[in-house]
Participant: 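Questions regarding the structure given below will be posed in turn.
These numbers were taken from a predicted model, which means no experiment stands behind them. Each chain gets a letter, A, B and so on, in the order its sequence line appears, and its residues count up from 1.
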Amino acid sequence: MIKEPEAPVTTPITTSSKQLEADFPLIFERAKPGRRAAHPPVREGADLADLLGADNLRQSPPKLPEVSELDLVRHYTQLAHRQMSIDANAYFLGSCTMKYNPKVNEEAAKLFADIHPYQDPDSVQGALELLYNLQSYLEQITGMDAITLQPAAGAHGELTGILMIRAYHDANGEGDTRTKVIVPDGAHGTNPATATMVGYKVVEVPTAASGEVDINALKDVLDESVAAIMLTNPNTLGIFETNILEISRLAHEVGAQLYYDGANTNAIVGRARPGDMGFDVVHLNLHKTFTTPHGGGGPGTGPVGVKAHLADFLPKPRIKQEVTTDGTRFDFDEDIPHSIGRMRSYYGNFGNLVRAYTYICALGCEGLKDVSGMAVLNANYLRIKLKEAGYNVPFDRINMHEFVAQPPDGLKTLDIAKAMLDYGVHPMTVYFPLVVKEAMMVEPTETESLETLDAYAEVLADVLKRAEHDPDFLHEAPFDTPVRRLDEVKAARQPVLRYASEPS
Amino acid sequence: MIKEPEAPVTTPITTSSKQLEADFPLIFERAKPGRRAAHPPVREGADLADLLGADNLRQSPPKLPEVSELDLVRHYTQLAHRQMSIDANAYFLGSCTMKYNPKVNEEAAKLFADIHPYQDPDSVQGALELLYNLQSYLEQITGMDAITLQPAAGAHGELTGILMIRAYHDANGEGDTRTKVIVPDGAHGTNPATATMVGYKVVEVPTAASGEVDINALKDVLDESVAAIMLTNPNTLGIFETNILEISRLAHEVGAQLYYDGANTNAIVGRARPGDMGFDVVHLNLHKTFTTPHGGGGPGTGPVGVKAHLADFLPKPRIKQEVTTDGTRFDFDEDIPHSIGRMRSYYGNFGNLVRAYTYICALGCEGLKDVSGMAVLNANYLRIKLKEAGYNVPFDRINMHEFVAQPPDGLKTLDIAKAMLDYGVHPMTVYFPLVVKEAMMVEPTETESLETLDAYAEVLADVLKRAEHDPDFLHEAPFDTPVRRLDEVKAARQPVLRYASEPS
Amino acid sequence: MHYLPHTPEDIAHMLEVIGVDSIDALFADMPQALHNPNINVPAGLDEVSLLNHLRDLAAKNQTPTGGLLGGGTRQHFIPSVTPHLAMQSEFVTAYTPYQPEVAQGLLQATFEYQSMMAELTGLPISNASMYDGASSVAEAALLAVRQTKRKRVVVSTGVHPEAREVMATYLKPLDIAISEVNLEQLTTSTDVISNELGDDVACVIVQNPNFLGYLETMPTLAEATHDVGALFIAVVDPLSLAVLASPAEYGADIAVGDGQVLGNPTNFGGPSFGFMTVTDALLRQLPGRIVGETTDVDGKRAFVLTLQAREQHIRRSKAKSNICSNHQLAALMATVNMAALGPQGLVELATSSVRAAHTLANKLEASSLNVLRGTFFNEFVVQTNRPATDVRRLLAEHNIHAGVPVSPSYGLGDAIILAATELTQDDDIINLVDALSEIDANIDANQVDTPVEKVLEVAHD
Amino acid sequence: MHYLPHTPEDIAHMLEVIGVDSIDALFADMPQALHNPNINVPAGLDEVSLLNHLRDLAAKNQTPTGGLLGGGTRQHFIPSVTPHLAMQSEFVTAYTPYQPEVAQGLLQATFEYQSMMAELTGLPISNASMYDGASSVAEAALLAVRQTKRKRVVVSTGVHPEAREVMATYLKPLDIAISEVNLEQLTTSTDVISNELGDDVACVIVQNPNFLGYLETMPTLAEATHDVGALFIAVVDPLSLAVLASPAEYGADIAVGDGQVLGNPTNFGGPSFGFMTVTDALLRQLPGRIVGETTDVDGKRAFVLTLQAREQHIRRSKAKSNICSNHQLAALMATVNMAALGPQGLVELATSSVRAAHTLANKLEASSLNVLRGTFFNEFVVQTNRPATDVRRLLAEHNIHAGVPVSPSYGLGDAIILAATELTQDDDIINLVDALSEIDANIDANQVDTPVEKVLEVAHD
Ligand SMILES: Cc1ncc(COP(=O)(O)O)c(C=O)c1O
Ligand SMILES: Cc1ncc(COP(=O)(O)O)c(C=O)c1O
């Protein structure tokens, strides 16, 4: 493992440089039979063949890596060094709200790590109280009447919400007649995918020149066959849907339900509530707005809030409070008459619910309002700075927590993104939303300082300057990352999806 | 801070590359008045001027950095990436025993982090029991009769030991006549420095061709004016002093005391004991042999063991056990008649004593014996491999846990060391011991795998190969580190030892 | 302002650059009626008060020890080195590896994860993780429906009740029928399953060890399933696969399950992660992210998200699933943990758990408790003279946390599931046996139900 | 084998390469008599048993809360972010930065540390850290002796008793005389000190706030010291310097102290770190490591260990001290913590502590307890009707950990030092006042000593 220097020798040297060729080893390639890191307690006793029957046993132990503790540590410490992260890099990934994840949340989560979902409820009153409080804080924050904490991610929240809408229409005898879900063409892919999973036909409405949903196009497709409209507000262009109250009126006029994809809540938290906008169902991404870590792509956490008319359709269980003369007691509420059922095992991503709760308690209501204020301030400031740096902003107006830009004509977003890597800066979201060509979707979040925003803009300006001088530079970047541009076609055409151990 | 990419763009690009010039900022340079990271509880109340008197207050608050929590995190996370460490790199620093520091030790230490040194002893019986057990395990491991856990480092242990020896001679009426301390010329600098601090004159004895103390030279200087001989065994060449029993006899014959510098205990732990060799005083470096972390240069921890005749001179307090009919109780023992006094506040580096205790409990006696066995095996193997790679080994015999090599004629150890950095490998100890020219002192420790040793040897071979092809290469390396060769003369001639804030 | 870097001067400067005169002005697009909602959330706290509040809540919980609670989540040994490595902030605060050049850390770790899950289950293709075991069962059923184009799913009631509920929730709007097959004598009968099979069946889903803890005859069940051209879906405890026959060995097409036992704390049930591995034939139907190996322009090995044409961000309404964020960080914990334990450690955990459970069962029987005999792994059923939730509560009063209630739908009367792991010490066993004997004996005569017939012990036990 | 990577095959291969046939053969140089000693240490433990053993020991301790214990070590708020950052394994598992190219992380952090300590104390030169406060006092005295070539040290008994003991231990073999000057009415009298001064005096050492918690008149003491050409050494609580006049402001030549209060847990007394800052004139006499700024070959700013000609590894028997390993990791905790708190946070900690202590004192007096009045910071003395260690033990029985015993040498009779910090809540104060009232009242009449006269309150209080 030494042979791969963390950063290769790049100065011209005359002998061939071995380590430039060396691949970073897999943990399997560092292994050797007989090595081990951890030492569990071992109970002596009967042979498993006697206890379980030899037929039930596997032929040979799984070929997992066998490494010493130090080799294990070196491997995953070095791997951590081959990874950009919020804690080390500016990471303005649009739509993902990559804000600072407070360390105190981790301390809080540790306090609850070892309780079990099937303990006697009287022995987990603290956990239940926390969940109950969180339910009610999220009701307040979203302006909804009831919350389920169960969904495991945003998309899972969407599924929960659309299933409830379907159950609601079913209960109203409209299950068969409402067959469509409307989503804007700028919507995140999970929105149409969710609608399909619930058996709906997806109808896309275009984006108007303003960057908002084309309200006339919406009217054209909105009728009694529509089960729901799914919107993000602000939308994926970072623009607030100014017609939201009108859209809500139109939707409800034809009996459709209005679904709020809460991925962009960071723009409005503490300042405006989807419930007040007329949404019937809301999901929140606690891993975005509420700082729960989701390294590598998850876990998310996607609580769903509903208006009163949908509360009877929530998944089971919710957390209830019982106030008796003996005091207050918390328990699971399984008594939800028309419940859609259950979205996952147990009660949700509890560890992350603790973190989100900790975050809300730290900030309080005023603090939450500052979050959206500073997030929107940062994004607008950066929009101006990127324009100054030479980038296009197709929908150039006051944006919310994020905005979409484009490289100058003739340049590719992909190339810009790759060039940024050498500056130690993580690129923005690229090629999303689909409605903007060469989209660069930038979301700086409220935890970034003015100096970081300025430096980010300088990096982007510098990339353009270099590209002018040396047109090839952009196509070749990055130069200084652990690996350089990857052959993605090969990955898909000849899929290698696991380490193949030698036959032994 | 973005402007300093973690690894600069090193490919030739035609425009000037800003970030190549940028200095990594100091935390002060990331600061801005009014920012803050942490939020302590605040008690309202009277003005300090009223409570303490305005005269006693400082004119203006200290100009410490003011940074947001995310900027703080980025700063120290990025700094961590500018640092080699055992956890990420092979780090065979001779004499320093850079072995793996088990993570479980940290879990153990946390259990005791918040107890206070001035609590009622009955409220810290667990801590006292641990210290008592550790005292007795270290007695067993060293073969000594009594241990003090107080000293804060190896050098501090030396001071403790030599002070005790002086007090002992004083008590015997020989305080004025015994004026010298003998140390080998290969001794660590702390040995002579310690002798001086205790008012002794230092007499150096040379190293024989065997790599051991020149016993005839020793005899020449050994007489009744000698208070002590300080030895490391194995010595700093990694060679066991085969005449140790003879030396002990000679020392005691003239009434001198024999002091064991325990920095090299990793070579013999569990297999041989300084007490059995005839040493009267021993210090251990728990931060070396017993895996307590000492990032950046400390904290060390240097318990001292003595034979019975010196026990009355130990510093206060020690930990005692009282067995009564009510059970066992632990307390501080202040009743040490001729105690030299006190070496530091409280009872020692308790947090590290917990870690060392945890390590000893994990390994047990057999495990300790494996430590020295594998440490010595690794070092001998690597000695052979470096010889094969083209390095000289001046004292070429079976060594213990470390050995000293030299580059081929004409090459400088400093250059070799700098060239290693580009491979992600931390160099060995260089230019120590002083008795070997261009010394390269290599201590691989027992936690390194065969593969790492082979890779290390390959790196050293590769450095020589490159040096042959391109003689300048060695003088210019490293190429790929966060900074390159430093101007050390400038640092000393025009000392800049702190950040100078602008006058405000 | 917690976590915010903005000084008043910063704000003034930025507003000026933007060309508006207040923060509120940035929100002018919002209809007036939406502004200034009344949000009833307590005021913010300093860090000490915050942690004191959380500690007060935590103090109202009792933390189980001894690994006696099962039911899909169990406390197992997690070496200190595992969270230390998996929770490095470079891993924790990254997101989906969209830029592979600077995400090799997590991409490679995920590739290692996929390799380990493939190794454990014997099935060659693993996705990068899913939400949990229950939702993975539902996704597996959907996969089978897509692949076979059939619309009936047969599932044994040995599958975790919550997983069956989740599957029912997912499948309902798609008009997919579910046929539940009850256990016979604690396990799934191949005969009874066979009676349910036909060429309209997309898959058969069986859990091993089943929810009650007993081993199923997976090979015959798989054979019967394949006879009608359906897919066999094995729901497995991945830790058990250290010693039990792998899904590949008995011919499963899909293996799914919950990964908590591989190195995540119990966390009151989440987050853990779901896993799914499949045969090569099912690769293009697999939901969720997949990491593949490739090379970079210099020819170096590198890892990248691949085969994304299955996913929602590319295929939108035609995607195989709507899943986007998965449970990668929990899967990383498992990856590091499996590497820390190695095969030997994993076998030790599984073996010690089985032995502890069998010792517990024997001791309970010796104390005349009604253990239901069968070939069980490290969980098993005990019938009780009181309602299960009462037993659990009374045990909790002894500070013993054990006894997952068995639903009446199993027809076993009042019964609890007990578990044991390598963390179960002899004292834990003795205390549980004593407490349970006391609780079970100490009951009004007229409350006692007749226990159902004791199931015959399986031959080789 | 814990932590060892060697397989039997590895060992065989390596022995072969070396050319010996056993591990024991590698130890052939050791005299036979030394082999196989009988070492009585218990057998090794698996990780669960290991942590259980440590937890059992920890359970025999009571952990203080509320910051009521002082005496040189106090519990203060440490934000979660501090240990997270300071304890990153790249920092924790590095050693002395001998190779600056790959140690800029710790070198720069140490430079930042030096800058912060210079800022706090006002003295321009800081070393990189020392063992603890007490040994730093001894090193400061040695520095003064080297610099002035005088061999008498004057020290106030307001200096921590353990620091004075350590100094005495260090100085004894070097024939340096120590003149201890007793406190008058809780503080050091300039008149009494002046009486001790002469041109044989190397330095005067005064602690502020002194060990009992009271503020010294540092400016006049410094002036008197300088009048005889001696150095003035201020022993200071670094946290107090957030609000108290800095050593530079009152003319100290050297400031030393213990850094625990800046961000290290109490740790039963260690490890924390000692600090030492000095005037420019004393730079070449400073013991310990120092980091300096320079540039690299490309002109980039970089940091490096410098001025090493003072140190043992270069100067050997002529070094300024024998110190080698220092307490860098504890100093790093303080560095990160000061940056986390910033000046505002540090001022808040100090101010809240002072207020809490004064509130406590007022409440105790209101309950007729015998608070010794004077200008105190966040610790002060209460006289008691029982021996101090009894009071402490009885408080511990109320689960209140408070009351550092005052040695009889202070002539204050039975007395304890009480402390308060920003962590002291109103409940802590009430509980302590109640318990102490009860303990102090509830005593045999014939055991009561006459309390010494209550010291007059200082004017501006
Ligand atoms: C706008 C939008 N909607 C939905 C989602 C899906 O959320 P998740 O990834 O948590 O399933 C995302 C995030 O990826 C998003 O940005
Ligand atoms: C041989 C030897 N003696 C003494 C010491 C001094 O130990 P410490 O640095 O803990 O004071 C060292 C370590 O640096 C050493 O290697």
Side-chain angles (χ1 to χ4, degrees), chain B residues 23 37-38 40 43 45 53 61-62 64 66 76 79-80 82-87 108 111 113 116-118 120 123 125-126 152-153 155 189 192-194 196 199 202 240 272 293 295-300 341-342 345-346 349-351 364-365 367 373 381 449-450 481 483-484 491 496 498-499, chain D residues 5 14 23 29 34 41 43-44 54 57-58 60-62 69 77 79 85 88-94 96 101-102 104-106 115 118 131 134 162 165 169 173 265 267-271 292-294 296 301-302 306 312-313 316-317 319 322 325-329 340 342-343 352 355 396 460:
Chain B
D23 290 337
R43 176 179 285 271
L64 297 172
E66 303 179 57
Y76 289 106
L79 271 188
R82 295 164 72 84
Q83 179 66 47
M84 277 195 187
S85 64
I86 302 174
D87 277 10
L111 299 170
H116 189 281
Y118 285 149
D120 176 52
S123 72
Q125 286 295 300
T194 299
T196 302
V202 174
F240 195 88
R342 180 182 280 282
S345 49
Y346 316 121
N349 281 338
F350 176 76
C365 186
Y381 177 79
S449 63
L450 172 58
T481 46
V483 298
R484 296 177 55 224
V496 177
R498 70 180 187 288
Y499 170 72
Chain D
M14 292 165 81
I23 298 295
D29 277 350
L34 299 179
V41 166
L54 271 299
L57 286 172
K60 295 183 196 170
N61 301 325
Q62 292 165 24
L69 276 164
F77 167 60
L85 292 174
Q88 290 175 95
S89 75
E90 294 87 347
F91 292 146
V92 172
T93 70
T96 313
E101 297 85 352
V102 293
Q104 287 299 300
L106 282 159
S115 305
Y131 304 139
E162 298 197 14
E165 283 181 62
T169 307
N267 262 330
F268 205 41
E293 181 182 316
T294 186
D296 77 352
R301 177 169 65 188
T306 192
Q312 48 73 31
H313 63 291
R316 298 179 69 84
S317 64
N322 73 339
S325 289
N326 56 15
H327 275 207
Q328 208 61 60
L329 197 53
S352 296
R355 287 180 182 150
H460 53 251

Participant: State which residues pass salt bridge (charged side-chain N to carboxylate O under 4.0 Å, His left out) with Glu101(D); sequence neighbours excluded, sorted by chain then number.
Facilitator: Lys418(B)
Participant: Given heavy-atom pairs under 4.5 angstrom as the criterion, report whether the side chain, backbone, both or neither of Leu34(D) touches chain B.
Facilitator: both
Participant: Tell me, for Glu165(D) versus chain B, whether the close heavy atoms (under 4.5 Å) come from the side chain, the backbone, both or neither.
Facilitator: both
Participant: Quick check on side-chain contact (heavy atoms from CB on, under 4.5 Å): which of Val483(B), Thr481(B), Leu79(B) does Gln104(D) satisfy it with?
Facilitator: Val483(B)
Participant: Determine yes or no for a side-chain-to-main-chain donor-acceptor pair under 3.5 angstrom, with Thr169(D) supplying the side chain and Arg342(B) the backbone.
Facilitator: yes
Participant: Between Thr93(D) and Asp87(B) (side chain of the first, backbone of the second, donor and acceptor by atom type, cut-off under 3.5 Å), is there such a pair?
Facilitator: yes
Participant: Identify which part of Ala43(D) has an atom lying under 4.5 Å from any heavy atom of chain B, answering side chain, backbone, both or neither.
Facilitator: backbone
Participant: Taking the side chain as every heavy atom from C-beta outward, state whether Ser85(B) and Val92(D) have any atom pair closer than 4.5 Å.
Facilitator: no
Participant: Where does Ser352(D) contact chain B at under 4.5 Å (heavy atoms): side chain, backbone, both or neither?
Facilitator: both
Participant: Considering only heavy atoms, which portion of Val202(B) lies under 4.5 Å from any heavy atom of chain D: side chain, backbone, both, or neither?
Facilitator: side chain
Participant: With only heavy atoms counted, which part of Phe77(D) is less than 4.5 Å from chain B, the side chain, the backbone, both or neither?
Facilitator: side chain
Participant: Any donor-acceptor pair under 3.5 Å linking the side chain of Asp29(D) with the backbone of Phe240(B)?
Facilitator: no
Participant: Just to verify, what does Tyr118(B) make a ring pair (Phe, Tyr, Trp, His ring centres under 6.0 Å) with, not counting sequence neighbours?
Facilitator: Tyr346(B)
